[in-house]
Amino acid sequence: MESLDRFREFMRRDRTFDFIAEKRLPFRYGHTIQPGKVDTSHGTILYLENLSVSFDGFKALNNLTMYIDDGELRCIIGPNGAGKTTMMDVITGKTRPDSGVAYFGQTMDLTRMSEFEIAHAGIGRKFQKPTVFPNHTIFENLELAMAADKRVWPTLVARITPKQRERIEYVLEIIGLQEQVHRPASLLSHGQKQWLEIGMLLMQNPKLLLVDEPVTGMTHQEMDKTAELLKRLAGDHSVVVVEHDMDFVRSIANKVTVLHEGSVLAEGTMDQVQNDPRVIEVYLGE
Amino acid sequence: MRQSIFLQFFQNDKGGKVFLAVLLALIVVIPTFNLLVPADSAFHVSTYTVTLLGKYLCYAMLAIALDLVWGYCGILSLGHGAFFALGGYAMGMYLMRQIGDRGVYGNPNLPDFMVFLNWQELPWFWYGFDMFWFAMLMVILVPGILAFVFGWLAFRSRVTGVYLSIMTQALTFALMLAFFRNEMGFGGNNGLTDFKDILGFDLQSDTTRSALFIVTAAFVMLAYIVGRYVVTSKLGRVVVAVRDAEDRARFIGYKVESFKLWVFVLSAVLAGIAGALFVPQVGIINPGEFSPLNSIELVVWVAVGGRATLYGAAMGAVLVNYAKTYFTAALPEIWLFALGGLFIVVTIFLPKGLVGLWNQLRKSKTKAEP
């Protein structure tokens with residue numbers, strides 16, 4: 001398989017050969033595809049164009065078009081059934097779109113990649129319901145999520161290096177769970193599980209984090225802490241947050257996208273969006 | 001470094017240490033008391049007992065194999081008996097070829113049942129089974145390849161839970177029906193039996209029986225150590241992660257299907273080896289071993305002993321089979337009810353099996369002391 005992939009890579013028509021591109025030309029034309037690297041040279045990390053998905057005639061996504069910039073923190077709001085979770089499913093490869101385009105950076109076609117390939121490419125996802133490994137300790141949860149060679153044999157013989165241990169401790173500090181490090185994750189509170197899951201995303205070292213409802217079940221203090229955490233992550237990572245809690249969204253977002261019936265209804269700052277008559281109609285009725 | 005790996009998987013594994021120590025003791029004690037203690041002594045262990053214990057140990061190894069896929073990976077295989085039986089058949093074919101011209105019909109080229117069916121020559125798939133190494137290779141390859149193909153198709157299509165269980169059940173049932181047919185060339189209904197010797201040693205002699213016992217116990221130890229190595233590795237943690245939250249494991253970048261397949265194949269190979277050790281000791285292999293009931297009993301052993309402990313599964317296999325030997329002799333009509341009852345009791349009251357019960361008792365004791 002590997003040699004086949006290499007052959008395909010070699011025969012791509014949309015690029016010049018590496019040896020020509022790098023040696024003969026003083027600068028590069030177009031985009032040299034570097035396998036496993038996200039190309040954000042145009043400043044956009046995620047392209048979603050005209051995405052449509054339907055389940056038994058119900059259009060979960062309807063010509064959805066949206067762009068996420070590199071390093072941006074974007075909030076997505078919308079009533080139930082607006083297609084938020086379906087959109088995340090499409091980005092992470094769980095659901096295939098009926099039509100439309102989903103690109104990660106300039107070069108990666110998400111609609112052709114499988115879940116684990118997308119994860120390796122650098123998209124991390126937090127589920128709506130916090131999902132951690134209940135029988136593993138916090139430490140093991142983070143260890144499993146850590147960016148590493150995740151094929152079967154390397155995993156069998158893998159040992160933690162001191163450097164990896166440092167990284168785990170670093171993330172533990174960010175999510176503030178140092179004290180519980182050797183307790184099983186099932187004993188954590190709901191909010192702590194949410195943080196652990198965010199920590200697991202960080203261990204993957206993703207370019208883009210998709211965070212689905214991070215503050216459900218959290219107290220106000222926890223919420224503030226989460227807002228701080230997400231703001232801290234933006235910049236190094238691009239973060240897309242789906243959330244219902246308007247106060248929370250207001251506290252973190254520069255730019256908000258409102259989804260309605262599977263497509264983008266409005267986009268802009270929180271104030272612009274809240275004063276948009278169409279948004280008011282959707283949220284408050286006639 | 002090597003030593004630290006060794007230490008790693010015996011740390012926090014008191015049960016495993018006891019388990020290996022018991023096996024080691026059995027290896028020394030049982031053959032000694034069988035071969036060196038005179039038959040009229042009270043300490044003499046009869047050859048019948050040696051063989052019976054050997055049989056239990058084969059089941060223990062099979063239970064360890066199932067525990068790997070069920071206890072750790074969450075794949076409830078109701079067809080693991082199929083891999084056991086296939087390993088057994090591969091060994092049986094070797095033993096058949098060793099009979100040579102000592103069969104009832106005295107045909108040097110064909111096993112008795114083929115002569116009986118008027119076959120003129122050996123079918124192609126019997127070639128090579130007169131060589132021990134080839135037969136042993138098949139003991140590993142046949143169950144391994146079947147598990148690989150079956151698992152690859154099933155896991156790739158994301159068949160999980162009860163549907164997968166039903167499919168494994170169908171697999172073993174289909175194999176049973178196929179092996180019942182005379183045309184298959186595996187002795188049909190009667191299976192393969194009337195074995196004479198293995199590697200030139202008489203199968204009926206006490207020394208061979210003891211040697212087989214020792215080899216079996218050694219393989220159970222090996223299976224335990226391999227299993228323990230796997231479950232304490234990072235791969236073991238991934239596999240448990242897949243059991244507990246498959247989607248999460250997938251989205252943090254593990255190709256879940258590959259991990260399931262790997263464990264499933266390893267487990268099938270261990271089951272095949274257990275079957276191969278089983279056949280020379282009981283002296284027969286027939287399609288009954290494919291029976292779905294066997295595979296279900298196997299699940300009961302593991303549940304009784306305690307899932308996801310390996311040694312618990314082995315212990316469960318020995319205990320339940322001891323009970324079976326006892327009850328089927330003393331009160332044959334209640335055995336199946338007892339087995340069913342046992343399963344219900346364990347599921348409701350002892351979800352972690354006997355090992356879980358033991359741990360709970362010890363915990364409450366240590367809590368009560370200070």
Side-chain angles (χ1 to χ4, degrees), chain A residues 88-89 91-94 114-137 139-160 164 184-186 193 196-197 199-206 209-210 212, chain B residues 1-9 11-12 68 71-74 148 151-152 155-158 226-266 307-309 351-352 356:
Chain A
M88 294 224 175
D89 285 346
I91 297 171
T92 52
K94 196 177 183 190
S114 63
E115 286 115 318
F116 77 96
E117 284 171 335
I118 291 173
H120 279 284
I123 297 184
R125 178 181 186 180
K126 199 200 86 60
F127 291 100
Q128 190 168 344
K129 188 173 154 249
T131 316
V132 294
F133 304 126
N135 292 310
H136 290 88
T137 63
F139 187 87
E140 287 169 338
N141 265 283
L142 294 176
E143 181 212 0
L144 288 177
M146 183 161 47
D149 192 338
K150 287 178 176 168
R151 287 170 302 168
V152 176
W153 286 104
T155 307
L156 180 67
V157 296
R159 312 258 148 222
I160 289 192
Q164 290 175 324
S186 57
K193 277 185 195 161
L196 176 57
E197 201 178 0
M200 287 165 76
L201 295 193
L202 291 178
M203 291 304 298
Q204 274 174 267
N205 210 2
L209 284 105
L210 305 175
D212 204 346
Chain B
M1 193 63 208
R2 193 159 281 272
Q3 202 178 4
S4 77
I5 290 171
F6 195 72
L7 280 177
Q8 167 216 330
F9 61 85
Q11 253 172 17
N12 308 321
L68 272 177
Y72 289 93
C73 201
F148 184 82
W152 190 73
F155 301 140
R156 198 187 53 140
S157 320
R158 304 217 176 148
V226 168
R228 185 77 195 158
Y229 175 73
V230 168
V231 301
T232 52
S233 70
K234 189 177 174 192
L235 181 137
R237 292 192 282 282
V238 173
V239 163
V240 173
V242 168
R243 179 192 73 187
D244 292 342
E246 187 169 330
D247 266 347
R248 179 76 277 170
R250 198 170 267 134
F251 285 119
I252 57 176
Y254 292 102
K255 196 176 177 190
V256 167
E257 295 79 25
S258 308
F259 283 84
K260 283 187 179 177
L261 189 58
W262 195 89
V263 176
F264 193 62
V265 170
L266 174 70
R307 265 179 295 164
T309 53
K352 287 182 177 167

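Residue numbering restarts at 1 for every chain, and letters A, B, ... go by the order of the sequence lines. Just so it is clear, the structure is predicted and the values come from calculations on it, not from any experiment. FYI, side chains are in, hydrogens and waters are out, and symmetry mates aren't considered; it's all heavy atoms of this structure.
Between B:Ala245 and A:Val132, the shortest heavy-atom distance links the atoms CB-O, 4.1 Å.
Neither the backbone nor the side chain of A:Ile160 comes within less than 4.5 Å of any heavy atom in chain B. Looking at A:Ala147, neither its backbone nor its side chain comes within 4.5 Å of chain B, counting heavy atoms on both sides.
Within residues 254-264 of chain B, the residues having any heavy atom closer than 4.5 Å to a heavy atom of chain A are B:Tyr254, B:Lys255, B:Ser258, B:Phe259, B:Trp262, listed by residue number.
Most heavy-atom pairs under 4.5 Å with chain B: of the set A:Ala148, A:Gly124, A:Pro154, A:Ala119, this distinction falls to A:Ala119. Of the listed residues (A:Arg125, A:Met203, A:Met146), the greatest number of heavy-atom pairs within a distance under 4.5 Å of chain B belongs to A:Arg125. Contact count against chain B (heavy-atom pairs under 4.5 Å) is highest for A:Glu143 among A:Arg151, A:Met200, A:Glu143. Your options are A:Thr131, A:Val157, A:Ile123, and the one with the most heavy-atom pairs under 4.5 Å with chain B is A:Thr131.
Summarising the geometry, atom CD1 belonging to B:Ile252 is positioned 9.5 Å from atom NE2 belonging to A:His120; distances are rounded to the nearest 0.5 Å. To the nearest 0.5 Å, atoms CZ (B:Arg237) and OG1 (A:Thr137) are separated by 8.5 Å. Atoms CZ and CZ, from B:Arg248 and A:Phe127 in turn, are 5.0 Å apart once rounded to the nearest 0.5 Å.
Side-chain contact between A:Leu210 and B:Phe251: absent, with no pair of heavy atoms (C-beta onward) separated by less than 4.5 Å. Put simply, the side chain of A:Leu144 reaches to within 4.5 Å of the side chain of B:Lys234, judged on heavy atoms.
B:Asp247 pairs by the side chain to side chain donor-acceptor pair (under 3.5 Å) definition with A:Lys94, not counting sequence neighbours.
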